[in-house]
2 protein chains.
Amino acid sequence: MTENKHSGNLSPEFALLGFLISGPSHGYDLHQRFVAELGHVWHLSQSQAYAILKRLENRGDISAQVVEQEKLPARQRLKITAQGRRRFFEWLELGISATARSIRLEFLTRLYFTQLHRPENTSQIYQAQFAKIESSIEELESLIEHLPLEQTFNHLSLDLRLQQMKLIQNWMAEIRAQFHISKEIR
Amino acid sequence: MTENKHSGNLSPEFALLGFLISGPSHGYDLHQRFVAELGHVWHLSQSQAYAILKRLENRGDISAQVVEQEKLPARQRLKITAQGRRRFFEWLELGISATARSIRLEFLTRLYFTQLHRPENTSQIYQAQFAKIESSIEELESLIEHLPLEQTFNHLSLDLRLQQMKLIQNWMAEIRAQFHISKEIR
DNA sequence: CATATATACTCACTGAGTGAGTATATATAC
DNA sequence: GTATATATACTCACTCAGTGAGTATATATG
């Protein structure tokens with residue numbers, strides 16, 4: 001199994017990693033850039049950004065080096081490691097999201113960094129995400145079909161999830177247009 | 001402050017409290033009932049259920065009493081306190097959710113327990129939720145309007161959120177029909 | 001007779017997320 | 001010219017979400 005357990009495990013850690021692909025930086029700056037570029041996609045407080053960076057460092061995805069400054073407080077110069085780079089590009093190509101929320105958050109983020117670092121892959125990640133949405137819809141439809149009618153509230157919930165997935169399907173078409181992705185090549 | 005910060009702080013704790021309104025019970029049973037009744041609304045693991053119950057106890061919303069059994073492991077007989085009851089009904093009437101996700105989770109849960117414990121309030125909580133959705137839509141529209149066009153990804157995200165809210169508005173109409181809620185009285 | 005399932009709960013761990021605090025520099029407002 | 005707000009840069013303590021595995025016994029099923 002693995003994949004998305006359920007909800008949770010959804011965090012902008014790969015976005016932070018993605019900014020570091022372009023070159024070393026430090027926490028304050030990464031948070032600033034994050035808010036400016038993706039602030040309406042994710043919400044990320046400053047302290048949470050630092051917490052995530054600390055975790056990435058413990059995992060060995062980034063390395064830190066203290067840089068003293070004359071007047072302002074010292075910085076941690078953060079640099080992505082080979083492992084971090086590997087993990088990032090793996091996520092960029094394979095981290096396909098399954099729920100409405102994770103599509104809005106993660107897929108948009110993957111699209112952002114694909115445009116930035118691997119524009120030639122845009123169509124590929126788009127198609128993969130689209131396929132996932134289609135199979136999600138089928139799964140939900142079959143779940144609903146087999147759910148006893150008297151389970152009113154479970155029904156209403158699954159129903160909304162299904163409708164949301166279909167909405168996202170249409171929204172994906174808008175994206176296709178905006179990014180000039182050709183229709184169904186492979 | 002308070003309300004819904006952003007995401008997170010979303011938990012089925014009031015549902016557990018809601019089951020206890022009907023009478024004392026214990027963790028295992030509450031979890032079973034939860035999964036059967038609302039298992040496709042929320043996901044709640046057994047251990048997480050126990051964790052939430054422990055918190056409710058620490059807060060004084062429920063009280064626990066160990067009941068030995070002849071053959072099977074001892075139970076904790078859980079009983080809602082006056083404070084818990086107060087908190088629950090306050091949430092039932094006023095805990096109006098604002099995001100797509102929290103509407104699917106919390107509003108459906110509030111509807112479930114309103115039907116169960118306060119059926120005469122159904123229309124009231126429906127109308128309040130509907131109003132919240134309308135004001136959410138307005139807020140998102142104004143946010144989008146003031147967002148610089150070049151912020152492609154922030155735009156796409158807000159756009160999807162807006163469309164989702166509108167979808168939920170339609171889904172609410174289905175609910176109105178199913179629960180025979182009259183159209184716009186007050 | 002072995003094994004799966006039901007009853008009932010505990011524990012250790014990772015991670016999300018907030019809010020406040022620390023300390024200094026520069027820009028702006030009165 | 002001095003008070004105040006804002007920018008730079010990061011830390012800490014805390015609460016809550018969520019998983020996965022473990023403990024221990026009873027009964028049902030093949």
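Every chain is numbered from 1 and lettered A, B, ... according to where its sequence line falls, protein lines coming before strand lines.
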Got [X] and [Y] here, is their nearest side-chain heavy-atom distance under 4.5 Å?
{"X": "A:Gln65", "Y": "A:Pro24", "value": "no"}
{"X": "B:Phe89", "Y": "B:His117", "value": "yes"}
{"X": "B:Lys79", "Y": "B:Leu20", "value": "no"}
{"X": "A:Val67", "Y": "A:Gln76", "value": "no"}
{"X": "B:Gln169", "Y": "B:Met172", "value": "no"}
{"X": "B:Ile103", "Y": "B:Lys132", "value": "no"}

Separation of [N] [atom2] from [X] [atom1] (nearest whole Å):
{"X": "A:Leu53", "N": "C:dG15", "atom1": "CG", "atom2": "P", "answer": "14 Å"}
{"X": "B:Ile52", "N": "D:dT19", "atom1": "CD1", "atom2": "P", "answer": "11 Å"}
{"X": "B:Gln48", "N": "C:dG15", "atom1": "CD", "atom2": "P", "answer": "16 Å"}
{"X": "B:Leu105", "N": "D:dA17", "atom1": "CG", "atom2": "C1'", "answer": "13 Å"}
{"X": "B:Gln46", "N": "D:dA24", "atom1": "CD", "atom2": "C1'", "answer": "13 Å"}
{"X": "A:Lys54", "N": "D:dC12", "atom1": "NZ", "atom2": "C1'", "answer": "13 Å"}
{"X": "B:Gln65", "N": "C:dA8", "atom1": "CD", "atom2": "P", "answer": "15 Å"}
{"X": "B:Tyr50", "N": "D:dA21", "atom1": "OH", "atom2": "C1'", "answer": "15 Å"}

Looking only at the aromatic ring of each residue, does the gap between the centers of B:Phe14 and B:Phe113 stay below 6.0 angstrom?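 No: the rings miss the under 6.0 Å criterion.
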Relative orientation of the end axes in the helix from C:dC1-D:dG30 to C:dC30-D:dG1, expressed as an angle to the nearest 10° (five pairs per end):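 Terminal axis comparison yields 30°.
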Is A:Ala51 touching bases, backbone alone, or none of the nucleic acid, heavy atoms closer than 4.0 Å?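 Touches nothing.
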So which of residues 75-86 of chain B are in contact with DNA chain D, with a heavy-atom cut-off of under 4.0 Å?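 Under 4.0 Å from DNA chain D: no residue of residues 75-86 of chain B.
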All N/O contacts under 3.5 Å from nucleotides 13-16 of chain D to the protein, with atom names and distances to one decimal?
residue	atom	partner	partner atom	Å
D:dC16	OP1	B:Arg59	NH2	3.2

Strictly by modelled atom types, are A:Asp159 and A:Gln163 linked by a side-chain donor-acceptor pair under 3.5 Å?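 Yes.
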Rounded to the nearest 0.5 Å, how far does CH2 of B:Trp171 lie from CD of B:Glu174?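 One gets 8.5 Å once the value is rounded to the nearest 0.5 Å.
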Residues clustering with A:Tyr50 (ILVMFWY side chains joined when closer than 4.5 Å, directly or via others):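 A:Tyr28, listed by chain and number.
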Could you tell me how the ring of A:Phe153 sits relative to the ring of B:Phe179: parallel (under 30°), tilted (30 to 60°) or perpendicular (over 60°)?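 Judged by the thresholds at 30° and 60°, the geometry between A:Phe153 and B:Phe179 is tilted.
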OP1, OP2 of D:dG18 versus side-chain N and O of B:Ser45: anything below 4.0 Å?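 Negative; the distance criterion is not met.
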Salt bridge (Lys or Arg N to Asp or Glu O under 4.0 Å) involving B:Glu90 - partner list, sequence neighbours excluded: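 B:Glu90 satisfies salt bridge (Lys or Arg N to Asp or Glu O under 4.0 Å) with no residue once adjacent residues are dropped.
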Can we say A:Lys166 and A:Glu141 salt-bridge, meaning some charged N sits less than 4.0 Å from an Asp/Glu carboxylate O?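 Salt bridge present between A:Lys166 and A:Glu141.
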Can you tell me if CD on A:Glu139 sees more than 12 non-hydrogen neighbours from other groups inside 6.0 Å?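 No, because the 6.0 Å sphere around CD of A:Glu139 holds 12 heavy atoms or fewer from other groups.
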For DNA chain C, what residues of residues 23-42 of chain B have any heavy atom nearer than 4.0 Å?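 Within residues 23-42 of chain B, the residues near DNA chain C are B:His26, B:Gly27, B:Tyr28, B:Gln32.
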